[in-house]
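Each remark here refers to the structure printed beneath this line.
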Amino acid sequence: MAAINSVADLTFVGDVAVLTIGSPPVNALSAAVRDGLRDGVRQAVADPAAKAVVLICAGRTFIAGADIAEFGKPPKGATLPELQGAIEGAVKPVIAAIHGTALGGGFEVALFCHYRVAVPSAKLGLPEIKLGLIPGAGGTQRLPRLIGPEAALEVILSGTPFGAEQAAAWGVVDALVEEGDLRNGALAFARKAIDEDLPLRRVRDLEEKIAPARGKPEIFETIRRANARKFRGFEAWEKAIDAVRDAVEKPFDEGMARERAAFLALLATTQSKAQRYVFFAERQVWKIADVPDDTPTLPIKKVGVIGAGTMGGGISMNFLNAGLPVTIVETQQAALDRGLGVIRKNYENTAKKGRMTAADVGSRMGLLSGTLDLSALADCDLVIEAAFEEMAIKKEIFARLDAIAKPGAILASNTSYLDIDEIASVTKRADHVLGMHFFSPANVMRLLEVVRGEATAKPVLATAMQIARKIGKVAAVVGVCHGFVGNRMLAQRQREAQKLILEGAMPWDVDRVLYDFGMPMGPFAMSDLAGLDIGWSKENTSSSTIREILCEQDRRGQKTGAGFYDYDENRNPRPSPIVEKIILEFAAAKGVNRRTISDDEILERCLYPMINEGAKILEEGKAQRASDIDIVWINGYGWPVYRGGPMFYGDIVGLDKVLAAMRGFQATMGDGFKPAALLERLVAEGKGFKDL
Ligand code: 3H9
């Protein structure tokens, strides 16, 4: 075995040279890997003893892409064109041997090769779009030549990997080899290439799959139209379509040059920077400073859920989907029946859409049981309480639960606001109590806030994180405070939104500004969807807010056909003259002198107080890192990923600008806008949240 460099080795098996890349954890295409590939292939090709070259990776995967951490830094090492020249231009067959995930630049390197073999479990794909990029090493030019432009754009625009079997069916992979025996399978293929004198098949030269699309711009127009909604606000996707159209219409080298230029331009955008930041943030969020990865966890084999309402039902579905038995407890038979019925209906609807089989519905429902008897939870390892949001009720439940649940069972509350420590105080196992705050609809939304109580034991916290991963959530550890991270910051935005419509804006103005910013909907559309009557009652209403007045007029949101907006029978919102009148009269009665409010002010008033609150959350230690807060907002509230989250956005705007605006608001509107000490400090030091 000869070392090419620190990550590449060249060995011989008879007349086949085997170039092995070993750069854990995922063999990303760093400068060292690029050097090793270029020099290794060159050396093998120059060696008269080699008749073919196998390119294979050590560890868990083939090259999983460019090294994302290298982006934006000065270029080092072999360039991709050099690498491409060495491999594609080799005068001996080069065969990629693929296991794990051949993604992005890794897949593109495999496409430089003359042949590809893979084990059936391997996955291939071009996920660059998820980083706000397009493939930059020929992916947009070579893949269409193998599978046609439409299928290539499906791969590129979805960013979702496809399996080796599909790859083989498409001819992207030339042979599937036995699972666990990749090296021998690849050697056998090399043997065949040598013995049968297989031609050096260069993907760049293939014509058959792209020729039929030539001179048919409508193909790309259709794809553009079909994707416009999904990609609202994103920049990269149209560049991907352009690049694939170039693959069809332009000579290969010109298409390559244009792809490269588009890739580099996207690399410099704030969007891509934000999406790459989120990539690492999503991985960081799992790490808890004082809870090492090897902290023991508790086995969770059976789950109890208290409450069969919307939340309890959604929460239960997560565990059923992961194959864990769930017992739901309710206080009334009717409520229990309704809750179980909704879960079944949800599954049946999924089955109707073809996303699940009838057998799947049966097996999931088979894991579910319902009861009115709390003591049925005695053998559960984890119980999640999703009862009414009132401290007295929660305390009563936890006291009873503590007496029933087996020793060592974890007791979690799905509270959105309440003090977990106070809830834990009524139990004799405060160390086994924490918050697991799901977001509605709980079976769909990816976010889970794991609320760490004063006394929560480390293995309990580690177990909650582990189970969150198992049910496919993104979990962020947060501290005990009113509304935790997400709702605490949301409250800032909601308060300002309400004030803005008194001062001069209309609900649809505020919503439009936030929608255009990239949020899925604005605060008033969101209120209408959730229902304006949450926490409202006919008995206690006093016309003291616009929301109360709307409820009094039975404008309680979408469900009553009217709220801040009027709705047609398809639930399409329209600005409401009635609401406009209500707002104007209410403002007049309050003596408010309405004024014109600019879109900029709406945005700043809604977002800067959130950023400021995020800074307070950080200084109080209620979140571990600014990027955790961003993960909460992206996964729980639909903050556009291309804006990186509120804290990232604060850094992009400039914290000095945020601070100056907060000071201005404070001077005119009071201490609700008092800047966080952390914000003051960071600005004084010329730093951003990224430097914490
Ligand atoms: C590209 O290729 C552009 C080209 O077209 C053009 C070039 C000119 N770089 O996810 P995991 C780290 S764009 C740097 O926990 P898993 C990751 O941060 C790239 N680091 O493991 C983590 O570090 P830590 C296109 C990377 O088994 C550790 O590896 N490629 C990269 O759940 C383990 O990762 C992609 O977008 C990277 N490319 O999943 C693929 N990848 O332990 C991105 C991973 O310190 N990667 N790390 O937290 C993935 O999708 C998943 O990591 C993968 C493994 C499926 C590979």
Side-chain angles (χ1 to χ4, degrees), residues 7 21 23-34 37-38 57 59-73 75-84 98-112 121-143 152 155-156 158-163 236 239-240 243-244 256-269 271-273 275-288 292-294 465-466 469-470 472 474-475 625 627-628 631 641:
V7 299
I21 299 296
S23 179
V26 297
N27 293 310
L29 211 48
S30 61
V33 169
R34 292 195 305 274
L37 281 168
R38 178 196 58 193
C57 289
R60 67 203 221 210
T61 179
F62 192 77
I63 302 164
D67 187 341
I68 303 169
E70 245 185 29
F71 285 158
K73 301 197 177 135
K76 274 195 319 200
T79 64
L80 279 158
E82 280 175 346
L83 201 54
Q84 169 184 304
I98 301 171
H99 75 299
T101 44
L103 301 178
F107 182 32
E108 291 173 300
V109 166
L111 293 178
F112 296 163
S121 63
K123 288 194 174 350
L124 303 86
L126 294 169
E128 284 87 345
I129 199 85
K130 297 188 174 165
L131 302 171
L133 298 170
I134 66 169
T140 65
Q141 305 303 299
R142 287 192 179 83
L143 192 59
V155 170
I156 293 167
S158 72
T160 309
F162 51 94
K239 308 280 181 228
V244 172
M256 285 297 287
R258 291 165 66 99
E259 177 203 76
R260 183 86 191 142
F263 171 81
L264 290 174
L266 286 168
L267 199 57
T269 59
Q271 286 206 350
S272 174
K273 206 169 146 197
Q275 288 180 259
R276 284 179 268 139
Y277 160 85
V278 172
F279 175 85
F280 289 112
E282 273 184 346
R283 285 160 177 79
Q284 279 271 308
V285 74
W286 296 98
K287 295 171 189 156
I288 311 168
D293 284 348
D294 58 359
M465 297 303 275
Q466 189 182 52
R469 210 188 264 278
K470 182 160 183 189
V474 175
R625 6 178 136 77
S627 63
D628 286 10
I631 289 299
V641 63

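Atom set for the values below is all heavy atoms of this structure, side chains included, hydrogens, waters and symmetry mates excluded. Counting starts at 1 for both ligands and their atoms, in listed order. Note that the structure is predicted; figures quoted are calculated from it, not measured.
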Within a strict 4.5 Å, meaning less than it, do heavy atoms of the L126 and E108 side chains meet? yes

Between ligand 1 and the protein, which N/O pairs fall short of 3.5 Å?
residue: ligand 1; atom: 2 (O); partner: A66; partner atom: N; Å: 2.8
residue: ligand 1; atom: 2 (O); partner: G105; partner atom: N; Å: 2.7
residue: ligand 1; atom: 5 (O); partner: E108; partner atom: OE1; Å: 2.7
residue: ligand 1; atom: 5 (O); partner: E128; partner atom: OE2; Å: 2.4
residue: ligand 1; atom: 5 (O); partner: G136; partner atom: N; Å: 3.0
residue: ligand 1; atom: 9 (N); partner: A66; partner atom: O; Å: 3.4
residue: ligand 1; atom: 9 (N); partner: I68; partner atom: N; Å: 2.9
residue: ligand 1; atom: 10 (O); partner: R283; partner atom: NE; Å: 2.7
residue: ligand 1; atom: 10 (O); partner: R283; partner atom: NH2; Å: 3.1
residue: ligand 1; atom: 21 (O); partner: R60; partner atom: NH2; Å: 2.8
residue: ligand 1; atom: 27 (O); partner: R60; partner atom: NH2; Å: 2.8
residue: ligand 1; atom: 30 (N); partner: A64; partner atom: O; Å: 3.0
residue: ligand 1; atom: 38 (N); partner: A66; partner atom: O; Å: 2.8
residue: ligand 1; atom: 48 (O); partner: K287; partner atom: NZ; Å: 2.8

Basic-acidic side-chain contact under 4.0 Å: E70, R34: yes

Measure from NZ or CZ of R283 to the centre of the six-membered ring of F279, then state whether that distance is under 6.0 Å and the direction lies within 45° of the axis. yes

Closest heavy-atom pair and its distance - G139, I156: O-CD1, 4.4 Å

Would you say the side chains of Q284 and S627 form a donor-acceptor pair under 3.5 Å? no

Among Q141, R142, E128, whose side chain to side chain contact (heavy atoms under 4.5 Å, CB included) with P135 holds? E128

